[in-house]
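Here's the structure we're looking at; comments come further down.
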Amino acid sequence: MLPIGQCRLEARVVDITTLAVDAIVNAANTSLLGGGGVDGAIHRAAGRDLLRECETLGGCATGNAKLTAGYRLPAKHVIHAVGPVWGGGGHGEAELLASCYRRSMELAQDAHCVSIAFPAISCGVYRFPAQQAVRIAVSTVIATLQQAAGSISHVTFACFDDPMFQLYERELNGRQAPPSKPA
Ligand code: AR6
């Protein structure tokens, strides 16, 4: 658990579809019409009405995000973010991934969300190297929180497995302020 101002950041091994937060982020594709991985799990859990709303959105560019309702999910909203497909690192992948986290935080703040949960966007089918992706996720969320005080007071990084959780833990712990020395 890492405090940044009034906000707490934490990593958990958890199925993101079970979280009763204000917004969960989906690792979507540009069609926004569903797929495998976390996208498939979110659409299955939310039900057909989520797809119906997504069909009205006209897709989404890589690096951007769009917000829908959560329907049958315990989460109030879904923020569909489109991460980059890893192509070796020379195609703006890092900046596009950072943009996903920034846009998702902006949309969540605009919707007055207090709590938000992210999956490891692009780290599955899109093959983004996990360690670099985790560094980008944590640093971008922290930068967003530091730039503008908003509604968000709890950020969860939802990890599907323990190796991913360990990467987030190391990244979050590495940013803890060192304990102050006694005078
Ligand atoms: N809860 C939390 N994390 C999960 C869950 C879950 N229920 N399911 C998977 N993960 P991926 P991408 C983790 O492939 O790489 C889809 O077909 C998973 O272990 O879901 O951004 C879309 O439609 C991994 O760490 O997303 C796109 O076409 C992370 O979520 C494409 O995949 C992301 O893996 C997007 O690929």
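Residue indices begin at 1 and follow the sequence shown. Ligands are counted one by one from 1 in listed order, and the atoms in each one are counted from 1 as well.
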Which residue and heavy atom of the protein sit nearest atom 15 (O) of ligand 1, plus the separation: G124 N, 2.8 Å

Pairs touching residues 34-92 that satisfy ring-ring contact (aromatic ring centres under 6.0 Å, His included), sequence neighbours left out: W86-F128

Nearest-neighbour protein heavy atom for atom 1 (N) of ligand 1, which is reported as residue plus atom name and distance: I16 N, 3.0 Å

Single-linkage hydrophobic cluster L96~I79, side-chain heavy atoms < 4.5 angstrom: no

Closest to atom 7 (N) of ligand 1 (judged by heavy-atom distance), picking from V82, V14, D15: D15

Contact check: T17 vs ligand 1, nitrogen or oxygen atoms, below 3.5 angstrom: no

Protein heavy atom at shortest distance from atom 16 (C) of ligand 1: G36 O, 3.4 Å

Heavy-atom nearest neighbour of atom 8 (N) of ligand 1 within options V38, L97, L32: V38

Residue pairs, two or more places apart or on separate chains, that pass salt bridge (charged side-chain N to carboxylate O under 4.0 Å, His left out) and touch residues 6-22: D22-K76

For N29, atoms of ligand 1 separated by under 4.0 Å from a heavy atom: 22 (C), 23 (O), 27 (C), 28 (O)

Residues, nucleotides or ligands: over 12 heavy atoms within 6.0 Å of Q166 CD: yes

Donor-acceptor pair, side chain of S151 and main chain of V114, under 3.5 angstrom: no

Geometric N/O contact G37 with ligand 1, under 3.5 angstrom: no

Residue G35 vicinity, atoms of ligand 1 by number, heavy atom under 4.0 Å: 17 (O), 23 (O)

N/O donor-acceptor pair under 3.5 Å between N173 side chain and E169 backbone: yes

Protein heavy atom at shortest distance from atom 13 (C) of ligand 1: F160 CB, 3.9 Å

Proximity flag G83 to ligand 1, non-hydrogen atoms under 4.0 Å: no

Under-4.0 Å salt bridge between E55 and R48: no

Atoms in ligand 1 with a heavy atom of A27 nearer than 4.0 Å: 21 (O), 22 (C), 26 (O), 35 (C)

Residues E106, R103; criterion salt bridge (charged side-chain N to carboxylate O under 4.0 Å, His left out); working and verdict: CA-CA 5 Å; E106 285 167 7; R103 286 294 299 136; 2.6 Å; yes

Aromatic ring pairing Y101/F157, orientation class (parallel under 30°, perpendicular over 60°, tilted between): tilted

N or O contact, V125 vs ligand 1, cut-off under 3.5 Å: yes

Backbone or side-chain N or O of R127 under 3.5 Å from ligand 1 N or O: no

Protein heavy atom at shortest distance from atom 33 (C) of ligand 1: A120 O, 3.2 Å

L145 CG to Q6 CD distance, which is reported to the nearest 0.5 Å: 11.0 Å

Atoms of ligand 1, numbered as shown, that sit under 4.0 Å from any heavy atom of D39: 22 (C), 23 (O)

Closest approach of any protein heavy atom to atom 36 (O) of ligand 1, naming residue and atom: Y126 CG, 3.4 Å

Heteroatom distance test (A41, ligand 1): nitrogen or oxygen, under 3.5 angstrom: no

Heteroatom distance test (I121, ligand 1): nitrogen or oxygen, under 3.5 angstrom: no

Under 3.5 Å: donor-acceptor pair, side chain of S104, backbone of C100: yes

Donor-acceptor contact below 3.5 Å, side chain S115 vs main chain V21: no

Shortest protein heavy-atom distance from atom 21 (O) of ligand 1, along with the residue and atom involved: S122 N, 2.8 Å

